[in-house]
Protein chains: 2
Amino acid sequence: MSPRRRSKPQTRSALVDIAARLLADEGPEALSARRIAAEAGSSTMAVYTNFGGMSGLVREMVYEGFARMENYFSHVAPTGDPVADMALFGRAYRHNALTNPHLYAVMFGGASLGGFSLSAEDRQYGRFTLSTVVECATRCIEAGRFRTGDAELVAHQLWTAIHGLVALELGDYLIEPCDADRVFEAQLTSLMIGVGDTLEAATRSVTSSHARLATEIEPAEPAPVTERPAGDRTA
Amino acid sequence: MSPRRRSKPQTRSALVDIAARLLADEGPEALSARRIAAEAGSSTMAVYTNFGGMSGLVREMVYEGFARMENYFSHVAPTGDPVADMALFGRAYRHNALTNPHLYAVMFGGASLGGFSLSAEDRQYGRFTLSTVVECATRCIEAGRFRTGDAELVAHQLWTAIHGLVALELGDYLIEPCDADRVFEAQLTSLMIGVGDTLEAATRSVTSSHARLATEIEPAEPAPVTERPAGDRTA
DNA sequence: GAGAAAAAATAACGCCGTTATGCCATACTG
DNA sequence: CAGTATGGCATAACGGCGTTATTTTTTCTC
């Protein structure tokens, strides 16, 4: 039916692109090897020769998701106030999740698509993405703004708190979006105060981060689908 | 093969029991209509006549999950310090999630088993379970311990924060359990401070709740599988 | 150009949720 | 008490899924 596919990398990236589009447009249920291959004009076997199975393709999506998150993080410009930067990272995290909801669900929702589950290496890769936030927490601590000396702990607090909000938000447990917004803002300030900042300073920082939201949050390019440099990862 | 089934309610509760056992023992992947029916010695059709499909049976699991959560909540005895009570609710929430990890994943993980998704009514039911926590937050506010006057907001902050930790914990993103414990304790104190309590009072409350953990957290009965009183909910 | 190696197509296996059909015991009805 | 109808369950089938074995095609290498 379709013109003959010439070489290999073409079909591989085509499969990734189509999978990403299906995931974004129709959600995780639409991610099936048969569907993707049919949409690419090839047979189901292409998924196996290129990714070693469905789980390999899902892994590609997960890594793409972390790349997008890292992209948002890298576009957070320092404001001079490390606590405000911290809040900006929180906003970037939530913005990324709300922009790519289905992708985020695959990354953290434990959707277990096609029997996929993250390997220890994958999890380490995911946690590595937060290193930028850990560095920011270190700056906050060095500036004497936080009570604790454990930057990683603070980063994990921010991460888990925002993940919880976003997860329930995406699962429609927080029905009205304004609810989620209010909880998010309150959580941000409460966290900054709770880890040691003063009420006034934390409020100022979070408010300033809110003001910078529009200009800071969007990355330059529209986060295109990228391929991993390393070799195949058969499930 | 099996002796003739006499009446209806027997097979129904058997299906629920087996489904709950399969979910707890082998995880969400083991929850299939065919498997459950086979384990019950009946045919697949029993799932449809009793629950209108797989989604109905999953819904039963979700309601059971909320019942267990409510059971843990109802066994939280007031300590006299409302903020300590608040921390106890947080501990009860996490304890329930870690005790029934697969059930918790079905409730909030968006696993989308058998095309199941919560209806608006279901979500409302889930949020209603938190009303106990909202009342506790009200007591905290009336005691002048919290800065805000919005008890529901505070309850949602606690909820989302702990859910985020638990979700990542169950997804093995927080690799070492001691990590999760540390983040949980820090999150609890940070939240209590952040929403308005003083450093000393919050630390005292959270510490006292930690001391009460062993005796308070376990409910009397082992949370048996119950049936919903209402009629069938065909998907 | 010929042979070797990689990739894709075809077809099959076993699982899934779901549905249509028929049986048969139960529960009403006269 | 007999006859009937209702409804729960079994049997079997349909389409779709991930996966695998086999065969065919392509592509690279010598």
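Excluded from the calculations below are hydrogen atoms, water molecules and symmetry mates; all remaining heavy atoms, backbone and side chain alike, are included. Given the structure is predicted, the values throughout are model-derived calculations rather than measurements. Chain identifiers are assigned alphabetically (A, B, ...) following the order of the sequence lines, protein sequences preceding nucleic acid strands; residue numbering begins at 1 within each chain.
Remark: P of C/dA8 and CZ of A/Phe51 are 10 Å apart, rounded to the nearest angstrom. The OH-C1' distance, from B/Tyr48 to D/dG7, rounds to 18 Å in whole Å. For the pair A/Glu29 CD and C/dC16 P, the computed distance is 19 Å after rounding to whole Å. The CG atom of B/Leu15 sits 14 Å away from the C1' atom of D/dA10 (whole-angstrom rounding). Regarding B/Arg12, its CZ atom lies at a distance of 15 Å from the C1' atom of D/dC9, rounded to whole Å. One atom, CZ of B/Arg34, and another, P of D/dT11, lie 13 Å apart when rounded to the nearest Å. Distance CD (B/Gln10) to P (D/dC9): 10 Å, rounded to an integer number of Å. We find that CE of B/Met54 is positioned 8 Å from P of C/dT18, with the value rounded to whole Å.
As judged by a 4.0 angstrom heavy-atom cut-off over every strand, A/Ile36 is placed among residues making no nucleic acid contact. Across all strands shown, B/Leu57 has no heavy atoms under 4.0 Å from either base or sugar-phosphate atoms. Base engagement by A/Met45 is indicated by at least one non-hydrogen atom pair under 4.0 Å involving a base atom. Using a 4.0 Å heavy-atom distance criterion, A/Ser43 is classed as a base contact.
Between B/Phe89 and B/Phe73, the distance from one ring center to the other falls under 6.0 angstrom. Residues A/Tyr93 and A/Tyr104 bring their aromatic ring centres within 6.0 Å.
Annotation: cation-pi geometry not satisfied between A/Arg59 and A/Phe116 (NZ/CZ under 6.0 angstrom from ring centroid, within 45° of ring axis).
Of the candidates C/dT19, C/dA8, D/dT20, the closest approach to any side-chain atom of A/Ala46 belongs to C/dA8. Considering only the side chain of B/Thr44, C/dT18 comes nearest among C/dT18, D/dT19, D/dC9. The nucleotide whose nearest atom lies closest to any side-chain atom of B/Asn50 is, among C/dA9, D/dC9, D/dG18, D/dC9. Picking from C/dA8, D/dG8, C/dG17 the nucleotide with the shortest atom distance to the side chain of B/Thr49 gives D/dG8.
Ring geometry for B/Tyr173 versus A/Phe108: interplanar angle of 30 to 60°, hence tilted.
Remark: the B/Asp122 side chain and the B/Ser119 side chain contain an N/O donor-acceptor pair separated by less than 3.5 Å.
With hydrogens and angles left out, the side chain of A/Arg35 and the base of D/dG16 share no donor-acceptor pair within 3.5 Å.
Neither OP1 nor OP2 of C/dA7 sits under 4.0 Å from any side-chain N or O of A/Thr11. Between C/dA8 and A/Ser42, no contact under 4.0 Å exists linking OP1 or OP2 to a side-chain N or O.
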